[in-house]
Each structure stands twice: as structure tokens, then as C-alpha cells.
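Here you go, one structure.
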Amino acid sequence: MSIFGAIFEFNPPKEEASGANAPRFVIAFRGTITEKDTISRDLSLDLHLVQNGLHRTSRFNIAMQAVQNVASVFPGSTIWLAGHSLGAGLAILTGRNMVKKGVLLESFLFNPPFVAAPVERIRDERVKHGFRIARSVITAGLTIAMKAKTEGSSQRSVAEESFSILSSWTPYLFVNPGDHICSEYIGYFQHRKNMEDLGAGFIEKLATQNSIGDLFFKALGWESEPLHLLPSADLIVNVSPSSDFKYAHGISQWWQPELNLQCSKYRYS
């Protein structure tokens, strides 16, 4: 078994006031490591993530228990979540579940995975926009059909209420346009704004809360929890040149001295 996370405690001397705004704890989760002792398990978790099933894994259960333990043993303490790649997915899932328990944790998510077709890679803006509109209409239509099928059941209200509850949580998402694993967050939030400007906010509101893959899994009766469906976020995009995908997805890019970052705030209403 390999270590996949760590809990850091900041405990400065009482006479020092420099850490007044610092968190008491930072709970961080690593990404996929392609070494012989970790690759098999990590790739298995990556597969669970693609299938919206990371919440069914023992790694998530351990992570969730660790966060809950810290929050309960040190009530009132400031706790931050952090993660990269697979670890960011784990942090998102943990943060989402803590929100449902009434606990909002400030979260810093680097190259978080977005499971969808890499539309952001399309260079022609008209084609890209047209594809996103078509996908939104299809997703909204499937959502309405699924709602009609399950009308009268509690599943309908629970799904909508869950998304509304999550809107109070605003994680920081650090993404790179050259990283197809996370770059779809750029279009996810921007397209929602574009659809509202076009007067099609109702369609996009349904599409934002659902994904075609999630609807497909639920139609088959599989329990599914897509991580990328986030109501609100502070999106930080690294538009500095990236030499290749490995660099664009790597964690080291975020501590380079001169980064060209674009920051946008998205709030769900």
C-alpha cells in the first residue's frame, strides 16, 4: 500500500502573529504515480473516476474518514483541502460530501479531472460553441425525459437540492488549456455564461447539473457521482506557454516564478 495523502498541521509559536490567516490544517492528496508499487492501484482508481465511481472506492472512504476526524476533533479550526489530478478528484469528492454535512472547506484543486469529450481543444470557436450548444440541448432533453420517468420519486428533488446546496462551496480550480484532462472546466463555466447571455439559461441550468455520461449510467441503474458538475468556482487558468502535455498537467508549473494567470469567478444562482 502506498501513501496517497497527508495531513499538515500549522502550529506557530504563540508570540508570532504572521500565521493569523493561515489554516490550522491542510489535507492534501497526490495524483497518479506511474511506479511499479502504485501504478496498478492508481490506474484502477483513474478508471473508477472516468466511470463516475470514485465514491465507491476504499481510498475515498479513507480520505473522507480522515477529513471528518480532523473536523470533529478540532471543531472551529480552519481546514484546507488540496490535491493534484487524481488527488484533486478525491479532494473534490471529499469537499462535496463535507458541504452536504454543513462544513465548507476551502479547497485548492490543481489540474482537476473533467470527464468529458475534449471540446476545449477545438480551435474553431464557432464549431466549439455549436458543439457545446448541441450538447447542452441534448443533455437538457435527456434530463427532462429522465425526470418525467421518475416523477413522483424522491430522486428528482434530491438531485436538484444537492446541486443547490453545493453552490455555497467555491473551490479554487487551477487549470491549463493544454491539459485535456482539466481544460474542459474553462468551457464548462464560460458556456454557462454564454447561454445565459443568449437567453437560454434554463437549458444550460439543466445541462450544468447533469452530464450525458451520468444520465447514461443512471439509466442502467448504476450509482454515479460525476465530480466535475460544480455550481460555483474560482477558476485560475495558466495561459503561459506549455512545452507539452506532461508539463501542462504537471504540478510543478504552479510554482514557477512568472506565470500568466487569468482568474474568473463563477457563482451559481
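Because the structure is a prediction, the values reported are computed rather than measured.
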Next on the checklist: Glu35: which residues meet the side-chain contact (heavy atoms from CB on, under 4.5 Å) condition with it, sequence neighbours left out?
Outcome noted: Ile33, Thr38
Checklist entry - Between CZ of Phe29 and CG of Leu93, what distance do you get to the nearest 0.5 Å? => result 10.0 Å
Next on the checklist: Suppose we call two aromatic rings close when their centres sit under 6.0 Å apart. Are Phe25 and Phe8 close by that rule?
Outcome noted: no
Checklist entry - Does the side chain of Lys101 reach to within under 4.5 Å of the side chain of Met64, using non-hydrogen atoms? => result yes
Checklist entry - Rounded to the nearest 0.5 Å, how far does CG of Leu54 lie from CG of Leu86? => result 6.5 Å
Checklist entry - Taking Ser77 for the side chain and Arg24 for the main chain, is one N or O donor matched with an acceptor at less than 3.5 Å? => result no
Item to check | Stepwise side chain to side chain contact (heavy atoms under 4.5 Å, CB included) check, Phe60 with Asn97 | outcome: CA-CA 11 Å; Phe60 163 67; Asn97 279 270; 3.7 Å; yes
Item to check | Any Val237 side-chain heavy atom under 4.5 Å of Asn176 side chain | outcome: no
Checklist entry - How long is the span from the CD atom in Gln262 to the OG atom in Ser240, to the nearest 0.5 Å? => result 9.5 Å
Item to check | Nearest heavy-atom neighbours spanning Pro112 and Cys182 | outcome: O-CB, 2.9 Å
Checklist entry - Any side-chain heavy atom of Gln253 sitting closer than 4.5 Å to one from Asn111? => result yes
Next on the checklist: Are the side chains of Trp169 and Ile165 in contact, using a 4.5 Å heavy-atom criterion?
Outcome noted: no
Checklist entry - Can you tell me how far the OG1 atom of Thr34 sits from the CG atom of Leu43, to the nearest 0.5 Å? => result 8.5 Å
Next on the checklist: My understanding is that only residues two or more places apart in sequence, or in another chain, count here; which of them pass side-chain hydrogen bond (donor to acceptor under 3.5 Å, both in side chains) with Asn69?
Outcome noted: Gln65
Next on the checklist: For the OG atom of Ser107 and the CD1 atom of Ile79, what is their distance to the nearest 0.5 Å?
Outcome noted: 10.5 Å
Checklist entry - Which heavy atom of Ala233 sits nearest a heavy atom of Phe189, and at what distance? => result CB-CZ, 3.6 Å
Checklist entry - Just by distance, do the side chain of Trp254 and the backbone of Phe110 share a donor-acceptor pair under 3.5 Å? => result no
Checklist entry - Where do Leu109 and Ala91 come nearest, in terms of heavy atoms and distance? => result CD2-CB, 3.5 Å
Checklist entry - Roughly how far, to the nearest 0.5 Å, is the NZ atom of Lys265 from the CD1 atom of Ile236? => result 8.0 Å
Next on the checklist: In this structure, would Leu261 and Val175 fall into the same cluster of hydrophobic residues linked by side-chain contacts under 4.5 Å?
Outcome noted: no
Checklist entry - Got a donor-acceptor contact below 3.5 angstrom from the Ser44 side chain to the Ser40 backbone? => result no
Checklist entry - Where does the angle between the aromatic ring planes of Phe245 and His249 fall among parallel (under 30°), tilted (30 to 60°) and perpendicular (over 60°)? => result parallel
Checklist entry - Under a single-linkage definition using a 4.5 Å side-chain heavy-atom cutoff for Ile, Leu, Val, Met, Phe, Trp and Tyr, are Val26 and Ile62 assigned to the same hydrophobic cluster? => result no
Checklist entry - In chain order, what residues pass the salt bridge (Lys or Arg N to Asp or Glu O under 4.0 Å) check against Arg30, with sequence neighbours excluded? => result Asp42
Checklist entry - For the residue pair Trp80 and Phe108, is the inter-centroid distance of their aromatic rings smaller than 6.0 Å? => result yes
Item to check | Intermediate values then yes/no, side chain to side chain contact (heavy atoms under 4.5 Å, CB included), Phe114 and His180 | outcome: CA-CA 8 Å; Phe114 192 113; His180 61 265; over 6 Å; no
Checklist entry - With hydrophobic residues grouped by side-chain heavy-atom distances under 4.5 Å, do Leu104 and Leu229 end up in a single group? => result yes
Next on the checklist: Within the structure provided, determine whether Arg41 and Arg59 are in side-chain contact (heavy-atom separation under 4.5 Å).
Outcome noted: yes
Checklist entry - Looking only at heavy atoms, what is the nearest atom pair of Thr94 and Val67, with distance? => result CG2-CG2, 3.6 Å
Next on the checklist: Looking at every non-hydrogen atom in both residues, tell me the closest pair between Pro113 and Ser85 and how far apart they are.
Outcome noted: CD-O, 3.2 Å
Next on the checklist: Quick check: is Val239 connected to Tyr185 through a chain of hydrophobic side chains (ILVMFWY, heavy atoms under 4.5 Å apart)?
Outcome noted: yes
Checklist entry - Would you say Tyr266 and Asp234 make side-chain contact, with heavy atoms under 4.5 Å? => result no
Checklist entry - Shortest non-hydrogen contact from Tyr247 to Pro241? => result CE2-O, 4.2 Å
Next on the checklist: Given 3.5 Å as the limit, does a donor-acceptor pair link the side chain of Ser242 with the main chain of Gly178, or not?
Outcome noted: no
Next on the checklist: Could you walk me through whether Ile92 and Leu230 satisfy the side chain to side chain contact (heavy atoms under 4.5 Å, CB included) test, starting with their C-alpha distance in whole Å, then the side-chain angles of each, then the deciding distance to 0.1 Å, before giving a yes or no?
Outcome noted: CA-CA 9 Å; Ile92 289 176; Leu230 296 173; 4.2 Å; yes
Checklist entry - Same cluster or not: are Leu81 and Leu166 linked, directly or through other Ile, Leu, Val, Met, Phe, Trp or Tyr residues, by side-chain heavy atoms under 4.5 angstrom apart? => result yes
